[in-house]
Novice: 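Pasting a structure below so you can have a look.
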Number of protein chains: 2
Amino acid sequence: MSDIARLAGVSEATVSRALRGSTLISQATRERIREIAEAVGYTVDHTARNLRLQRTGTITVAVPLHHEVDQGISDPFFLEMLGFLADELADRGYDLLLRKIGAGEPNGLANLVIERRSDGILLIGQSTQHAQIKALGQRYKPLVVWGADMGDDAYITVGSDNRAGGRMAVEHLLERGHRRIAFFGDRELPEIAARFEGYHEALAGAGVSWDPALECRVTFRKAGSHAAIGEFLAKGTPFDAVFAASDQLAGAAINIFDRHGLNVPRDAAVVGFDDLMLAASYTPALTTVHQDLAAGARLMVNKLFKRMAGEDVRSSVVPVRLIIRASCGASIAPRPRRRRGKLAKT
Amino acid sequence: MSDIARLAGVSEATVSRALRGSTLISQATRERIREIAEAVGYTVDHTARNLRLQRTGTITVAVPLHHEVDQGISDPFFLEMLGFLADELADRGYDLLLRKIGAGEPNGLANLVIERRSDGILLIGQSTQHAQIKALGQRYKPLVVWGADMGDDAYITVGSDNRAGGRMAVEHLLERGHRRIAFFGDRELPEIAARFEGYHEALAGAGVSWDPALECRVTFRKAGSHAAIGEFLAKGTPFDAVFAASDQLAGAAINIFDRHGLNVPRDAAVVGFDDLMLAASYTPALTTVHQDLAAGARLMVNKLFKRMAGEDVRSSVVPVRLIIRASCGASIAPRPRRRRGKLAKT
DNA sequence: ACTAACACAACAATCGATTGCAAGATAATT
DNA sequence: AATTATCTTGCAATCGATTGTTGTGTTAGT
């Protein structure tokens with residue numbers, strides 16, 4: 001910057017003001033300085049700027065990991081969310097700092113704050129860390145969490161209407177005549193718990209009594225989910241449909257059913273939750289509850305910036321809708337047989 | 001920090017040295033200062049520290065987008081890679097700054113450098129931007145790219161042995177008696193091109209002539225892939241197996257085949273590439289080429305830090321291996337039929 | 001007892017940008 | 001012509017940490 005000042009024959013102060021477009025500097029010099037800066041390829045040093053402005057220009061996006069999954073993030077849901085958040089933050093000129101919060105590190109969350117590396121925190125999911133998040137939210141304001149509203153106002157959340165989604169999914173299965181609808185998911189996670197509530201509500205609304213044996217408590221960990229679903233099948237509980245708490249889980253379920261000789265949707269209908277991009281590419285394509293992640297990300301970022309500005313904002317819920325595809329049996333096409341090696345046009 | 005200095009009755013310089021463990025400070029005062037810092041909950045201000053040290057403590061991880069996919073990152077591959085990179089960087093005390101580089105922004109890559117926001121750049125994939133990356137690599141050293149080695153030494157790459165992977169996949173199909181093996185993928189991407197080479201090599205090695213009609217140029221974009229695969233089927237080119245350039249694509253192919261009444265692996269075997277966590281959950285489970293992303297991420301980060309230290313390092317290639325699952329027909333189990341609603345244990 | 005050697009700790013400059021206040025230059029008013 | 005008002009620009013402090021150099025106190029050697 002001092003180079004620019006020297007070249008332009010003005011002080012650094014003038015350069016700084018000119019480049020920020022301050023009206024204190026005359027139009028003429030402002031443009032002259034801009035041209036010089038352009039010519040020498042100058043860009044401000046963010047580190048210095050941030051130090052002076054007492055900010056970081058960065059937002060932390062943290063992914064809390066469940067205790068079972070300490071090795072890695074596996075759910076593609078995170079990626080889709082991350083993509084949308086990256087866009088929203090980039091639009092506002094902020095950087096995205098990515099962090100993983102292992103359940104093993106007791107104060108992983110608290111560290112985010114005391115390290116002061118970012119101006120705000122976006123948490124993708126609550127995992128099983130509601131208590132820690134709550135503690136953090138009480139003393140740290142620029143925090144927005146994607147997940148379920150826990151009722152207390154300890155921290156701001158943005159999340160899908162999980163209960164409604166669960167209800168819609170199960171009502172659809174009920175309409176199609178299914179009565180023994182299993183629930184696959186880990187109710188320790190707040191969002192999943194809400195989806196379960198919707199499931200339960202729908203059953204109750206249709207006068208179908210719920211058999212606890214229809215619940216398969218399956219975690220998100222890959223090996224765990226396979227084992228849990230296998231055990232569920234081994235128990236032999238009769239069922240004719242499954243509401244899986246995530247698309248990933250639905251996919252795993254369909255796969256394991258297939259290995260056990262059960263066809264979806266013929267032997268059991270399956271409905272998922274998330275509507276990831278790959279949900280349409282599962283075989284059969286997944287009927288699932290669509291979450292509007294773009295809208296969710298925008299809401300999260302908007303709320304975060306409002307909180308950073310000291311405004312008070314409240315949690316909000318993003319509506320969901322049911323996407324009907326093949327896995328619930330809604331559109332089963334007849335399956336002609338073809339001889340291998342001789343495939344004509346279809 | 002000045003608070004600590006006052007409390008301890010020493011100068012800020014001493015505090016700084018004590019906290020960094022300098023031996024210039026006596027053991028006694030060092031510990032005393034540490035305790036005080038601990039007590040008042042002090043942590044260094046990274047912004048100030050980085051300014052003084054002329055670094056940022058941050059590594060940019062950038063995802064170049066193909067021109068077709070400007071709306072979002074969709075391939076779960078990125079997420080898995082990202083997770084591993086996050087771990088590696090965290091271990092070294094560096095932050096991970098995430099960026100998307102749209103193909104629409106001509107100098108999106110160059111901006112990364114002139115903005116000086118990070119001490120180094122990791123690029124996940126080359127997309128169709130080899131020329132830009134090359135230009136960047138010539139004047140900016142702390143850059144490591146995940147992808148295919150392009151022969152010229154314009155920039156350092158770490159990547160799977162795509163050619164060998166393609167060869168292994170196709171050799172396996174050949175061994176199982178398949179002869180009309182289609183290739184699904186977008187050869188404009190360097191990695192995919194290498195996989196195609198392996199495919200071609202394997203065919204040549206087995207003395208099987210290649211029919212150009214067996215190539216389906218399908219991009220990664222969801223809608224595009226569906227359309228392209230549909231067209232391929234519509235053309236009616238006979239085939240008995242598919243080598244898909246990614247797991248995601250393989251999944252889409254299986255799904256579309258299914259809609260057209262073709263069963264995998266009965267009517268056509270499918271082999272993918274990546275071995276994403278979800279590959280095992282596809283139905284049928286995907287035979288695919290496993291990439292060791294953990295090793296790849298470690299290599300990338302190691303090389304990057306070496307380059308940042310001024311050392312000269314070379315590109316390297318990570319070996320791959322074939323994972324055989326059901327989609328190539330290797331382990332087709334008989335499929336008993338069950339009546340819906342009456343599922344006994346299996 | 002005097003000096004050399006050494007261990008500690010403080011001073012002050014530095015990283016690069018921002019900004020309140022003061023001062024200089026120019027134009028306008030009486 | 002003198003004075004005020006209006007524009008522009010510069011000075012210097014500031015953000016919080018790091019580090020070369022200097023200064024002080026202690027110990028050891030002869």
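A note on names: the letters A, B, ... follow the listed sequences, proteins ahead of strands, and every chain is numbered from 1.
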Novice: Find the distance Asp119(A):CG to dC15(D):C1' and express it as a whole number of Å.
Specialist: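 Going from Asp119(A) (CG) to dC15(D) (C1'), I get 14 Å.
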Novice: Look at the aromatic rings of Tyr94(B) and Phe305(B) and report parallel, tilted or perpendicular, splitting at 30° and 60°.
Specialist: perpendicular
Novice: Any side-chain N or O of Thr47(B) under 4.0 Å from OP1/OP2 of dC15(D)?
Specialist: no
Novice: Nearest of dT8(D), dG16(D), dA17(D) to any side-chain atom of Glu12(B)?
Specialist: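 Of the candidates, dA17(D) comes closest.
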Novice: Please report the distance, rounded to the nearest Å, between CZ in Arg55(B) and P in dT19(D).
Specialist: 11 Å
Novice: Between the side chain of Ser118(A) and the main-chain N/O of Gly120(A), is any donor-acceptor distance below 3.5 Å?
Specialist: yes
Novice: Is it true that Asp87(B) and Arg298(B) have a side-chain N and a carboxylate O under 4.0 angstrom from each other?
Specialist: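 So Asp87(B) does not pair with Arg298(B) through a salt bridge.
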Novice: Would you mind reading off the distance between Asp3(B) atom CG and dA17(D) atom C1', rounded to a whole angstrom?
Specialist: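 Distance check: Asp3(B) CG to dA17(D) C1' gives 14 Å.
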Novice: Checking all strands, does Thr29(B) fall into the base, sugar-phosphate, or nothing category for heavy-atom contacts under 4.0 angstrom?
Specialist: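 Sugar-phosphate only.
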Novice: Side-chain donor or acceptor of Arg52(B) under 3.5 Å from a matching atom on the base of dG20(D)?
Specialist: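 Between dG20(D) and Arg52(B), which were checked side chain against base, a qualifying N/O pair under 3.5 Å is absent.
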Novice: Charged N to carboxylate O below 4.0 Å: is that the case for Glu38(B) and Arg34(B)?
Specialist: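 Looking at Arg34(B) together with Glu38(B), the answer is no, because their closest N to O distance does not fall below 4.0 Å.
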Novice: Measuring from the side chain of Ser16(A) (C-beta onward, heavy atoms only), which nucleotide among dA9(C), dT19(C), dT19(D) has the closest atom?
Specialist: dT19(C)
Novice: Could you pull out the closest heavy-atom pair between Ala48(B) and Leu51(A), with the gap in Å?
Specialist: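 That closest heavy-atom pairing would be CB-CD1, 3.8 Å.
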Novice: Could you tell me how far apart Ile25(A) (CD1) and dT18(C) (P) are, to the nearest whole angstrom?
Specialist: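 To the nearest whole Å, that distance equals 12 Å.
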Novice: May I ask you to verify if any side-chain N or O of Ser26(B) is less than 4.0 angstrom from the OP1 or OP2 atom of dA9(C)?
Specialist: yes
Novice: Over all strands shown, is Leu24(A) touching base, sugar-phosphate only, or nothing at heavy-atom distances under 4.0 angstrom?
Specialist: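 Counting heavy atoms under 4.0 Å across all strands, the contact made by Leu24(A) includes a base.
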Novice: Which pair of heavy atoms, one from Leu109(A) and one from Gln129(A), lies closest together, and at what distance?
Specialist: CD1-OE1, 3.9 Å
Novice: Does the side chain of Thr56(A) come under 3.5 Å of the side chain of Asp119(A) through a donor N or O and an acceptor N or O?
Specialist: yes
Novice: Kindly calculate the angle separating the two end axes of the helix from dA1(C)-dT30(D) to dT30(C)-dA1(D), each obtained from five base pairs, and round it to 10 degrees.
Specialist: 60°
Novice: Rounded to the nearest Å, what distance is computed from the CE atom of residue Met1(B) to the P atom of nucleotide dC15(D)?
Specialist: 13 Å
Novice: Base, sugar-phosphate or nothing for Arg17(A)? Non-hydrogen atoms, less than 4.0 Å.
Specialist: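 Touches a base.
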Novice: Would you mind reading off the distance between Arg49(A) atom CZ and dG16(D) atom P, rounded to a whole angstrom?
Specialist: 17 Å
Novice: Let me know, please, whether Arg32(B) or Arg116(B) comes out on the 5' side of the other along DNA chain C by nearest nucleotide.
Specialist: Arg32(B)
Novice: Indicate whether any N or O donor in one side chain lies under 3.5 Å from an N or O acceptor in the other, for Asn111(B) and Arg117(B).
Specialist: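 Result is no, nothing qualifies.
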Novice: Taking the side chain of Leu51(A) as heavy atoms from C-beta outward, which of dT19(D), dT18(C), dC15(D) is closest to it?
Specialist: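 Nearest listed nucleotide: dC15(D).
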Novice: Given atom CZ of Arg20(B) and atom P of dG16(D), what is their separation to the nearest angstrom?
Specialist: 17 Å
Novice: Hey, which of these two, Gln54(B) or Gln27(B), hits DNA chain C nearer its 5' end, going by closest nucleotide?
Specialist: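 Per heavy-atom nearest nucleotide, the more 5' residue is Gln27(B).
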Novice: Given dG10(D), is OP1 or OP2 found less than 4.0 Å from the side-chain N or O atoms of Ser11(A)?
Specialist: yes
Novice: I need the CZ-C1' distance between Arg30(B) and dA9(C), as an integer number of Å.
Specialist: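 Roughly 13 Å, once rounded to whole Å.
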Novice: What nucleic acid atoms does Ser22(B) come within less than 4.0 Å of, heavy atoms only: base, sugar-phosphate, or nothing?
Specialist: nothing
